[in-house]
Amino acid sequence: ADLPRQTRWHPAFSPGELARELDDATALVLPSRSEGLPRIVIEAFCRGRPVLGARAGGIVDEIRDGENGVLVEAENAEALADVIVDVLVDREWGEQLAAGAARSAEEWVATPEQFAHRVRELVANLD
């Protein structure tokens, strides 16, 4: 509300809309205080977008700081703002993070057969 020309709010996106928004973005900013497995991180990686996120919950399991995104302390708005500016100003660094994000997506992309094989291996290793 304070920055209407600089900020857009969308409560929900269709899958196609989300893909277009990520494609138009430089990075995904995820300042969550708590997350399980943040699917949006994987979706950003699949679109070749780095994630600038809080060191919280499952976010830390997906982001390799400085490789496919950047982690800042949760609730440190100033640090998050600094990282956003750094990525926007240093295009080369942003592109390196984006390349790392795209590489990270490879860990998640699987055919149905590959996924089934991975699940079978997981179940077999429970014994």
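This chain uses plain numbering: 1 for the first residue, then up along the sequence.
One distance of note links CG of Asp86 with CG of Leu52; it measures 9.5 Å at 0.5 Å rounding. The CG atom of Leu37 lies 10.5 Å from the CD1 atom of Ile59; values are rounded to the nearest 0.5 Å. Remark: Asp24 CG to Arg49 CZ distance equals 8.0 Å, nearest 0.5 Å. For the atom pair CG (Leu22) and CG (Leu28), the distance works out to 6.5 Å, reported to the nearest 0.5 Å. If you take NE2 on His10 and CD on Glu21, they are separated by 5.0 Å, rounding to the nearest 0.5 Å. Atom CD of Glu95 is separated from atom CG of Leu97 by 10.5 Å, given to the nearest 0.5 angstrom.
In plain terms, the two heavy atoms of Ala54 and Ala74 that are nearest each other are CB-CA, 3.9 Å. When all heavy atoms are compared, the tightest approach of Leu71 to Asp65 is N-OD1, 2.8 Å. Taking all atoms of both residues into account, the shortest heavy-atom contact from Val29 to Leu80 is CG1-CD2, 3.9 Å. Between Ala44 and Val51 the shortest heavy-atom distance is CB-CG2, 4.0 Å. Closest approach of Gly48 to Ala98, counting heavy atoms only: O-CB, 3.3 Å. When all heavy atoms of Ser34 and Ala56 are compared, the pair lying nearest together is N-CB, 4.2 Å.
Considering only heavy atoms from C-beta on, Cys46 comes within 4.5 Å of Val109 through its side chain. In this structure, the side chains of Leu88 and Trp93 stay at 4.5 Å or more apart for every pair of heavy atoms. Contact annotation: the side chain of Val89 approaches that of Val85 to within less than 4.5 Å [non-hydrogen atoms, C-beta and beyond].
Across Glu35, Glu62, Glu73, a single residue satisfies salt bridge (Lys or Arg N to Asp or Glu O under 4.0 Å) together with Arg55, and that is Glu73. Remark: of the listed residues Glu121, Glu113, Gln114, Glu121 is the sole one forming a side chain to side chain donor-acceptor pair (under 3.5 Å) with His117.
Note: the hydrophobic cluster containing Phe45 also contains Leu30 (ILVMFWY, side chain heavy atoms under 4.5 Å, direct or indirect links). By the criterion of side-chain heavy atoms lying less than 4.5 angstrom apart, applied directly or through intervening Ile, Leu, Val, Met, Phe, Trp or Tyr residues, Val72 is not grouped with Ile63; the two fall into different hydrophobic clusters. In the hydrophobic clustering of this structure, Phe115 does not group with Trp108; members are Ile, Leu, Val, Met, Phe, Trp, Tyr whose side-chain heavy atoms approach within less than 4.5 Å, directly or through other members.
With respect to Arg39 and Glu43, a salt bridge is recorded, a charged nitrogen being found less than 4.0 Å from a carboxylate O. A salt bridge links Arg64 with Glu107: at least one charged nitrogen is closer than 4.0 Å to a carboxylate oxygen.
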